[in-house]
There are 2 protein chains.
Amino acid sequence: MLALISRGAAGTRADLARLTGMARSTVAQRVEALIEHGLVEETGAGASTGGRPPRLLRLDTARNCVLGVDLGATHCRVALMDIGGTILAASEDPVQIGQGPLSVLEHVDTRMHELLAEAGRPLETLKAVGIGVPGPVEFATGRPVAPPIMPGWHEYPVPEFFTGRYPVEVLVDNDVNVLALGERRFAYPDSAHLLFVKIGTGIGCGVVVDGHLHRGAQGGAGDIGHIRVPDAADALCRCGNTGCLEAVAGGAALAARLTAAGVPAATGRDVVALVNQGDGTALRLVREGGRIIGDVLAGLVNFFNPEVIVVGGVMARVHEPLLAGMREVIYQRSLPLATHRLTVVPSRSGEEGGVLGAGRLAIDHVLAPDHVNRALSPPTGAT
Amino acid sequence: MLALISRGAAGTRADLARLTGMARSTVAQRVEALIEHGLVEETGAGASTGGRPPRLLRLDTARNCVLGVDLGATHCRVALMDIGGTILAASEDPVQIGQGPLSVLEHVDTRMHELLAEAGRPLETLKAVGIGVPGPVEFATGRPVAPPIMPGWHEYPVPEFFTGRYPVEVLVDNDVNVLALGERRFAYPDSAHLLFVKIGTGIGCGVVVDGHLHRGAQGGAGDIGHIRVPDAADALCRCGNTGCLEAVAGGAALAARLTAAGVPAATGRDVVALVNQGDGTALRLVREGGRIIGDVLAGLVNFFNPEVIVVGGVMARVHEPLLAGMREVIYQRSLPLATHRLTVVPSRSGEEGGVLGAGRLAIDHVLAPDHVNRALSPPTGAT
DNA sequence: CCCCTTTCGTCGACGATCGACCGAAGTTAC
DNA sequence: GTAACTTCGGTCGATCGTCGACGAAAGGGG
């Protein structure tokens, strides 16, 4: 509770009392506990407004950091962040996730140690690790569940790999969920209902309901890439079905269609490059892809009524035509009540969105009320 | 909290202590407060299991009742229920909602008094009123928002109509939300994520996330009737668009298509009757409608990953062919992870689902922890 | 230099909860 | 029939968290 307020809103004891409605004495007591615990520090005095100047509080970023890990199909990004969310050190290298968990996680482990050393942060300051992986994950256990592009990872207990190596909790989630979380925390802290649509090779969606990630009954929520779209019965999808959204409007699909139209492109990245070069066919195709995605999103807007739809992923680098196509259809096909205050915006976090979100997952865990309370009162529990 | 447990799970002080993990003394204290407050009563002793027999507790159904009101386009159902959820008295009569709020609510008011008298319950035992209306509602204020089939109701403050007449709170919500709530409470108390699909003249959907109704940013969530479906560009919808789900698979649409196929039918009700008479064309059409709805639901299953989809509304009276069509498509088009434990079932509450749900909305309010706590400690608050 | 404002810490009071103890009311063993 | 034992329920002191009031600290304004 206090940790939540401390995390940016306002940083003096009096502010906290005003915002939480609690008595000043209570606030002081708890702040002291947090300082004792090392999560909060005092930083000099602020400007007086006519009376005694307040003592400023802020998160103790020097003594608390987390690691964010963004695993993609072919890359691995690791970032060391303090609990304020600023990056202290980061790495990026090509890693084939298909090499299996042992090899990949060993690599991650090495990078994690390197970054800690590079930033000069001792291991004791590390408080949590967040990992985003490109596939469905049972969040409670941190195990990937039948991930299509992660051979060898099925049911692999990722957090257990790190127990023994690091004395902190390891949180694993789907990469799109992680992106949604990061975007919400960084850019739309006040939006209760948010969708993060990632348009990369495939298409996925992170769902934030009432400020919390919605993972669904089996942790499989947000898989919009395989929703069927009209007039696409001939589009074969890697999932085995036909007419899936991502088989028509995903980065790979757009590249294939562009190639078929006479403009060679192998990946979504190529399509993006062509659009940036001013290629008319690519531009038209991207906009058309936006319309198709918009058609699906229009349905989801009616169903879910979000406040914000954030579009990210590789293809969002050409967000002008993409979002234009999407908005065109969404505002036409969705009900006025639902579109009234809906905004469709490109992601503000670029390539680093994954690590930022993963780090944010870890930070949220460190600052979570129950976690903090548990840490503050170790002598309790046992009878 | 205690009220929640009291509401069915297990009814003795010892049970409560076991289930909540609280000390027996605390439980006893709070139970006493609840008895004092009149929400709970003691009913004799239970069977001994080797020691002193427990004193049984249950909700004081004699001194606490609520009213549920189900307003449809052409009907008005009112039911008096005790807070255990059993109906004490009910009424049903044809009412045109288009006559406007004053006329309709006056009628409701009369019925409410009649039912209280009929059941011999004094006004003091009434604790809350729940109302379901056929259109979007801003739940916090109880005002309909631009309801398509409720002329004159836009922004009308329904709860205010009853203040002065009844000394209790009045809760107003969309009829589909109310249905979803009722179904969850009565039939699937353990399902965190549930969809209630109502297929009547139109098509709507109530969304339960994590046990709570999801109303969306503008209270417009669940409006799946106007999601676009493939190969239906010629189907004109009352919303002004074309190709909407309910313009193809709603009760009215099915009747129209059946008529066009040479079998006269004016409403969804007629279609149901024809199916029950064994009409092959009607049967085929309903099953086809189920497939079309299933196509949309398949997308929502991927996106939302519910545990249960409940199908209600007039058309659900022929749920065999309807659900067959729906399941056919859902299990084919949705991902295995999402369909793994998904069940698609007909609503267990029939015609009375609306009033039951409305009553449940009221009961939930009466038993809500914050409400009870406020009631238990009246001398607090003011400084 | 005095008074006011704002902030911060401390102290006693209050309420909620807990654990322990005891009485109540049965069953079971002898 | 009586004595254990078992299970429930109520009471009492102790503890913890929170609150409100008071006073001290630290600055601005007349």
Side-chain angles (χ1 to χ4, degrees), chain A residues 1-6 9-37 39-58 369-383, chain B residues 1-6 9-37 39-58 369-383:
Chain A
M1 6 185 162
L2 271 181
L4 280 167
I5 317 288
S6 271
T12 124
R13 291 173 178 77
D15 283 351
L16 286 174
R18 273 189 294 268
L19 291 174
T20 62
M22 295 190 299
R24 278 183 297 282
S25 52
T26 308
V27 170
Q29 218 171 2
R30 296 172 70 145
V31 166
E32 193 180 12
L34 289 175
I35 292 178
E36 186 73 23
H37 188 244
L39 271 177
V40 173
E41 65 176 344
E42 245 174 27
T43 65
S48 166
T49 59
R52 170 174 175 173
R55 281 196 262 169
L56 298 181
L57 301 173
R58 66 168 192 196
D370 52 347
H371 181 249
V372 171
N373 288 341
R374 230 177 301 135
L376 285 179
S377 53
T380 324
T383 307
Chain B
M1 7 183 162
L2 271 181
L4 282 166
I5 317 288
S6 269
T12 125
R13 291 173 177 78
D15 283 351
L16 287 174
R18 270 190 295 268
L19 291 174
T20 62
M22 294 189 300
R24 278 186 301 280
S25 53
T26 309
V27 170
Q29 218 171 3
R30 296 172 69 146
V31 166
E32 194 179 12
L34 288 175
I35 292 177
E36 186 73 22
H37 187 244
L39 272 176
V40 173
E41 66 177 343
E42 245 174 25
T43 65
S48 165
T49 58
R52 172 174 174 172
R55 281 198 260 169
L56 297 181
L57 301 173
R58 68 168 190 196
D370 52 349
H371 181 250
V372 172
N373 288 339
R374 229 177 302 136
L376 286 179
S377 52
T380 325
T383 308

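Protein chains get the first letters and strands the later ones, always in sequence-line order, with residue 1 at the start of each.
- A heavy-atom distance below 4.5 Å is found between the side chains of Glu42(A) and Leu57(A).
- Straight-line distance from the CE atom of Met22(A) to the P atom of dG9(C): 14 Å, rounded to whole Å.
- Closest to the side chain of Ala14(A), out of dG10(D), dT17(C), dC8(C), is dC8(C).
- Using a 4.0 Å cut-off, some side-chain N or O of Thr26(A) falls inside it from OP1 or OP2 of dC19(D).
- Arg13(B) has a side-chain polar atom (N or O) that falls below the 4.0 Å cut-off from OP1 or OP2 of dG10(D).
- In this structure, Glu32(A) reaches neither bases nor backbone, as no heavy-atom distance under 4.0 Å exists between it and the strands shown.
- Of the side-chain N and O atoms in Arg18(A), one or more sit less than 4.0 angstrom from OP1 or OP2 of dT7(C).
- If you take CZ of Arg55(A) and P of dC8(C), they are 7 Å apart, rounded to a whole angstrom.
- The side chain of Arg30(B) contributes an N or O atom lying less than 4.0 Å from OP1 or OP2 of dT17(C).
- One interatomic measurement links the two molecules: CD of Gln29(B) to P of dA20(C), which rounds to 17 Å at whole-angstrom precision.
- Between Glu32(A) and Ile35(A), every side-chain heavy-atom pair lies at or beyond the 4.5 Å cut-off.
- Atom CZ in Arg24(A) sits about 18 Å away from atom P in dA25(D), given to the nearest Å.
- Closest contact between the side chain of Glu42(A) and the listed nucleotides dG10(D), dA25(C), dG9(C) involves dG9(C).
- Rounding to the nearest 0.5 angstrom, the gap separating the CG atom in Leu34(A) from the CG atom in Leu39(A) is 6.0 Å.
- For Ala23(A), counting side-chain heavy atoms from C-beta on, the closest listed nucleotide (dC19(D), dG9(D), dC8(C)) is dC19(D).
- Residue-to-nucleotide contacts include a donor-acceptor pair under 3.5 Å from the side chain of Arg52(A) to the base of dT7(C).
- Phosphate contact (OP1/OP2 of dC8(C), side-chain N/O of Thr12(A), threshold under 4.0 Å): present.
- Map Gly51(A) and Ser25(A) each onto its nearest nucleotide of DNA chain D; the residue landing nearer the 5' end is Ser25(A).
- Across Val27(A) and Ala17(A), no two heavy atoms sit closer than the pair CG2-CA, 3.8 Å.
- Taking every side-chain heavy atom of Pro53(B) into account, dG26(C) is the closest of dG9(C), dG20(D), dG26(C).
- Arg13(B) is listed as a side-chain neighbour of Arg55(B), based on a closest heavy-atom distance under 4.5 Å.
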